[in-house]
Structure formats: C-alpha cells, structure tokens
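When a ligand or atom number is given, it counts from 1 through the structure's own listing order. In this text, all values refer to a predicted model and were calculated from it rather than measured experimentally.
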Amino acid sequence: MVRFDDILEKVSSYISEKEIGALRKAYVFAGQAHKGQVRRSGEPYLSHPLEVADYLADMRLDKTTLVAALLHDVLEDTDTTAAAIRESFGREVADLVEGVTKISRVQEVSPEVRRAETLRKIILAMTDDIRVIFIKLADRIHNLKTLRHLDEERQRQIARETLDIYAPIANRLGMGRIRAELEDLSFRYVAPEEFAKITATVEPQRKAAEADLAAMKKMLEDLIAANGLPAEIVSRIKRPYSIWSKMKRRDIGFDQVFDFLALRVITDSVKDCYAILGIIHQRWPHLPQRFRDFIAMPKPNLYQALHTTIITEGRKTFEIQIRTRDMNDLAENGIAAHWRYKDEAPPGLMVEDRRLHWLREMAALFEEKKNPQEFLRTLKTNLIPEEVYVFTPKGKVVNLPPGATALDFAFKIHTEVGLHATGARINGSPAPLKAVLKTGDIIEVLTAADKVPTRGMLAAAVTTGARQELRRSLDLKSLTTSEALGRRLWEKEIRKYVIPAESRREEDLAPRLAALLGPRASSMEEFYRQAGLGRIVVDAKLVEAVFGPVAARKPGLLGKAAALVVPGKGQSVRIKDIDGQMIKLAKCCSPIKGEPVIGYMTAGRGLTVHSMRCPLVTKEILDGQRLVEVSWDPSFSGTFKARLLIKSKDTPGVLAKVAAAVADLEGDIFKAEAAMVAEGKARITLDVRIRDIRHLESIARRISGLKEIQSVERV
Ligand code: MN
C-alpha cells in the first residue's frame, strides 16, 4: 500500500512547499470522508485514492490534478458535497471531482446504451477539463489491479469496458503507457483462455529472449557509440495483449509476430534518429516491408518514431524503434506530457494540440447526434479509425481499410491496374507498392504492360479484393508449373520402356494422344498440363495405349510403392515450394523435411507429399500407379508441424521442463496439453514447429533425457 509520504517524496522535486500544503489538506480531508470504509480487498478505502494520486505523481502531473485525485471518490461514496470541496479547495478541484463522479454514475440497462452514455460523459467531462480523464484512467488502473476481489461477472464487465472505451481513448490521446497497462490488466479477464494460451507460448521463450535481447542491446550500444552518437537503449518483449490482438487482427501465427523482441533507441535529435537508422541498416539486413517512418508520417495520435525489423546472424528478428527523447515522452504520456507542472505557463493555456482538436470535434459530434447508438458508432470510427480516404491524381476519393497499401489502391481502381502495377507515386514522391496509405494521400499507380504479378506481391496486398485477384492470376501462372510437372511425369514414365526415339517425337505423338484422349490432349502443352494437374493419369496403361505393347526396361519396377523410392538420383520431383498450387504436404501425416517421402498424384489437385510412415502408404491404400518419387530439395526451408506424445511421471513442473527443453533447441510450441492418465502418470501432447526432421529428433532426444520422462514418440 502506498503511503502519503511516498507521494510527497515523489512530487517534492517539482511541486512547491506551498502547494504541498494543499496536498496534505486533501489527504486529511479524504481520510476523514472515507473514515471506516473498506475496499473489497479488505484494505482501508483511503488506499485507493492514494494509489490513484501516486500513479499521477509518477506522471508528474500538476498539484490540482493530484488534489482532485485524492478526493475523487468523496462525492460518490461519502456524504461530502461539491460545495464543501469548492469551499476548501476551490472551483477547479471541485469541477474535476464532479467530472470524475459523473462518469462513474452511468446506470443504463442495455450494455450498448450504457457504453454510449459512458463515452458521451467522458468526452463532455474531458472537454471541460482534460485532467478528468487522467484521474479516471489512473482510477481504472487501480481498480483493474484489485479486480480479483470482485465476482466474475463484474470482472468481465469492467475489463470489457476498459478495452472498449478507456484503452482506445488513452490511445487516441497518445498515452501509450497507460493504454498498454489497461490492455494487459484487462486481457486475462476478458479472454482467460487466450490469455493462458499466449502466456504459455511466450513464457518458455522469455528466458531465451531476455538473453538475446541483452546481447543485442550490448551490440547496438557499442555500434552506436563507435559512431559517436548519443543513445539510450531499452529493450522489451512484446506484451501478451498486443501479441494476441496482432495475431487476431492479421490472422497470423505466433511465429509471424516479428516484433516479439524489440529494442528502443532514444537519442537527441531527429537527425540522429536517421543517422542511427542508417548505421543499423548497414550492419544488419532488415525486412523492408516492416520499415515504417512515423517521423515523416506521424500516426493520427501524433506518435512519432522510426520502426525497423532486422535479422541477426542467428536468424532472429528484432524490431528496433528509434526516437528522440521528446517523441518518447509523447509516446508514453501523450497529452498528459503537456500537463506536467510548469512554472511559467498557467494551467489552461496549454499548447494547442491536435489531440485536443479531436476532442472538440467529438463534443460537437455529440451535439449533432443525440441517438446513443449512432453516437457510439460514429465515435468508435473516430476512436479507432476504420477507413482511410485517399485520392486519385484527378481528385476522386477512394476509401480503403486502415493498413491498405498502394497495391490495394491499384486493385481498387481496376484489376488490370493492380496486376500490372510496378510502383507508385504518393503525394508526388516515388513509393513502393507496399507503402501503407494514410488519409489525404494522393496516389498515382505506375504500370507496365509486360509486368506479371508475382507471389511476393501477395505480401504487399492487405484487402481481400486485391488478394483474391492476385491469387486468381497466380493460379493461372501455376498452369505453366503444372505443364512442367506433367512433362516430367511423362518423360519419367516412358523412360521405363524400350521405345524407339522416333515414336517419341512430339510431332508424331501429338495426333495420337489427341485421338486417344480428346480435347484434354488438343496439344502437347495441354496434355502435359492435364497430366501435371493429375487429370490424365500417366501410367503403364497410357503408355501401352499410345505405343502398343512395349517392353519394360527394368521389369518389376512398376506397381510397388517401395520400388519407386530410389533415393535421389536426380530423377525425382524435388520439393522446392510447398506454397505453390502443385505440391502440397499431406495433412494426414504432416511430412517433415528430411524424412523419407513419396508423392501422390490427385486429379486436379497436383501432387501431395506423404511421409513414408503414413498408414496410407504403408498399408498400400494409395493407388500405386499414381505414386511419384519425390525428394526434398536441400534449399527448401520452412517450418513444419509435428506432434509429440510424451509419457511422464505426474510431477509438478514437468510441463515447464519439457517446454524449456524445446525452447532451448529453438523449437516453438504452439499447443501443449497435459492430462493425468493414471495415478502418478501424465500424458503430454505437444504440437511443435520445427525446421526439419533432425531438429525434431534432437528435441525428442532432449525431452526423453529428462528424468521424469518415460517415453517420447511422434504421432
Ligand atoms: Mn475510484
């Protein structure tokens, strides 16, 4: 529990002795008013206003705010009147306390209306005096910290309201630190299961991550110091809530959250920011699509910084944020940064701020829209901007979802423009297609008639429309791939027989195939394409139909699946790209790079790669005629999923030990389930992401080396 003296000590550096007198008076006043009251936690009620004032003292807020914070609950919970406060502390303090109290008193039945009403009251109270929201946010933080003492329904309700209303307001006002705290405190109550899942994923990685971060921090410090630039570096691991919301927003897995590890470089000037960025980009490769210049283009809440994501020698990604001290202060405290105690500026005459401008707009909006639902909807759009409005060079307005890029814009203009886009000019300056657009931008798309879309362009498109068009066009392109695959299958098949070279000539072959197969073989290209897609089965029967009875070169090679698996003589289909249309990994057995595999041709779906240990293969369920020899291309890299079934003694901490072992070897657990199966025996099912079969084997070995573990098997 915070003591009043602690607060005094904090503020003594910036608040005068005389003003401290007012704080003392407020402390005594609140103590008398709340006398005998206790919180749900069992603590004396006074502990709550003290915590709230303490939080605001950390933000170095002015005396009036602190006095009002100490008194913020006396109107609501005691017999004290506003007149009494005005008499003892003046009008300003009394208005602040009344403002805070009004927000608390929203009693509406429907949650929707209650939310709208709350928001409306907050906005109105804030336009009277913005400091109301500082107190209300600090109040909310302490209430969240003590939320465990309430019943579950209240917990969820308060946490939900925080995420819906208070966190977005804090964000809109640029108060990054408070927003983060509000979100993290609420997360566990709003989505307990997701919270547990994320924590379970993050925790095993935290230890390793902390060591990585410390090492990286040291390297950065040395690098920047060697270049003679000033910098203070702090590191952080991404918060559970922001991991969760990012995964949800982008529909991505944990391993795609690139800014899990981040370092913040705080320096003196804007010039130094760019200089440091240059030094970092020279030293490590960075992910261009992740680079953001929020200094040149601040966020709507005026946030400024440079963000870049680098890849280190150890193939780890780190997000690095570079900003000046002022930018950092504004990022953490937002509008509250202006409310620091300042001797020279009388309160009320604060610096004009776009954030306040927004607030006034919101208040005006309320005047226009009396219907709470409608107000809520409009307000939400403004709290979390849902649309970006940009212009064509001719001035036509195009609206896009936030995060949309120049490429999305191109597709929105016309599919053909999108497909042939080579680059863009945003507000007259050249920009890549992946450039994120902001409201007011004027975009010109550059095109070239011979430009064909590539798979890489998918990364630059955010909107569903653009992605669909791109996919459709890429599928057309994959037809060429199926043609190559079909040709390969055909050549491989006929090589098995003694066939005179002249009969194999395409000119002779084409009419015969066309006669036999009809339109599916209208040309050799079409025949190969259909074969590659599996719509024509290339097998002994087909060869015989085309060439008549032929002698096999190597008798006995046909039929048996096993016989086809001759380890790599360069004849097999190499698995280079599972992302393509043509080659997929079978879901039934999830083959892993490095383990023996075999391909299976499916009509219209190309080639599916099965593990040789797949029951479909071992039990000869798959049609032997359609099996194709495949092997892993060494250059192919990706992540694979595998499931391990672990039998162990049921001792406390065994799951943590297993998780630590996996993390140690850089495996990534994305799901873990432990169950007690019998007295003293537990079974753990672990879903891991790994690089290849050797990686999985080393993880399995490491786990089975733990003394609690009885067996580990891949299932
Ligand atoms: Mn309170």
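Remark: Arg156 fails to qualify as a cation-pi partner of Tyr189 under the 6.0 Å distance and 45° angle criteria applied to the six-membered ring.
For the side-chain contact (heavy atoms from CB on, under 4.5 Å) test with Lys63, the passing option among Leu61, Val67, Thr65 is Val67; the others fail.
Of all protein N/O/S atoms, those under 2.8 Å from the Mn ion (ligand 1) are His48 NE2, His72 NE2, Asp73 OD2, Asp139 OD1, and waters are not counted.
With salt bridges taken as basic N to acidic carboxylate O contacts below 4.0 Å, one links Arg131 and Asp62. Salt bridge Glu51/Lys145: absent, no basic N to carboxylate O contact under 4.0 Å. Using a 4.0 Å cut-off between a side-chain N of Lys or Arg and a carboxylate O of Asp or Glu, Asp441 and Lys438 qualify as a salt bridge. For the pair Asp164 and Arg160, the salt-bridge criterion is met [side-chain N within less than 4.0 Å of a carboxylate O].
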